[in-house]
Amino acid sequence: MSENEQKLDYLEEAQEVLRMQNRVLATALKGLIRALPAEIAQEAVESIQLAFEDELAELQYDNSPHTDLFHDVTYAFFREKQ
């Protein structure tokens, strides 16, 4: 196996680990929100959405190359939650 193949394998494994860590965190957040009383859960979700909007605005202001990715992942997270 060449050095490039080894690096590619490592990067693929690292990416899968990051995806699973993100999934674990999203699941934990959803579980926490689900455990809250309905009114507080709604407020928490709205607060989280506002925080994401603030972060997206900051990324846009900074002309970050990650703006579109952040937007897409945020959208996917909230779409999955519903």
In Å and rounded to the nearest 0.5 Å, what is the [atom1] to [atom2] distance from [X] to [Y]?
X	Y	atom1	atom2	value
Met20	Thr27	CE	OG1	9.0 Å
Glu53	His71	CD	NE2	9.5 Å
Leu18	Arg23	CG	CZ	15.0 Å
Thr74	Ile48	OG1	CD1	11.5 Å

Side-chain heavy atoms of Val73 within contact of Asn22, under 4.5 Å: no
Over 12 foreign heavy atoms within 6.0 Å of CD, Glu3: no
Heavy-atom nearest pair, Ala41 first then Ile33, reads CB-O, 3.5 Å
With sequence neighbours excluded, what pairs up with Glu46 under the side-chain hydrogen bond (donor to acceptor under 3.5 Å, both in side chains) test? Gln42
Which residues pass the side-chain contact (heavy atoms from CB on, under 4.5 Å) test with Glu55, sequence neighbours left out? Glu58, Leu59, Phe70
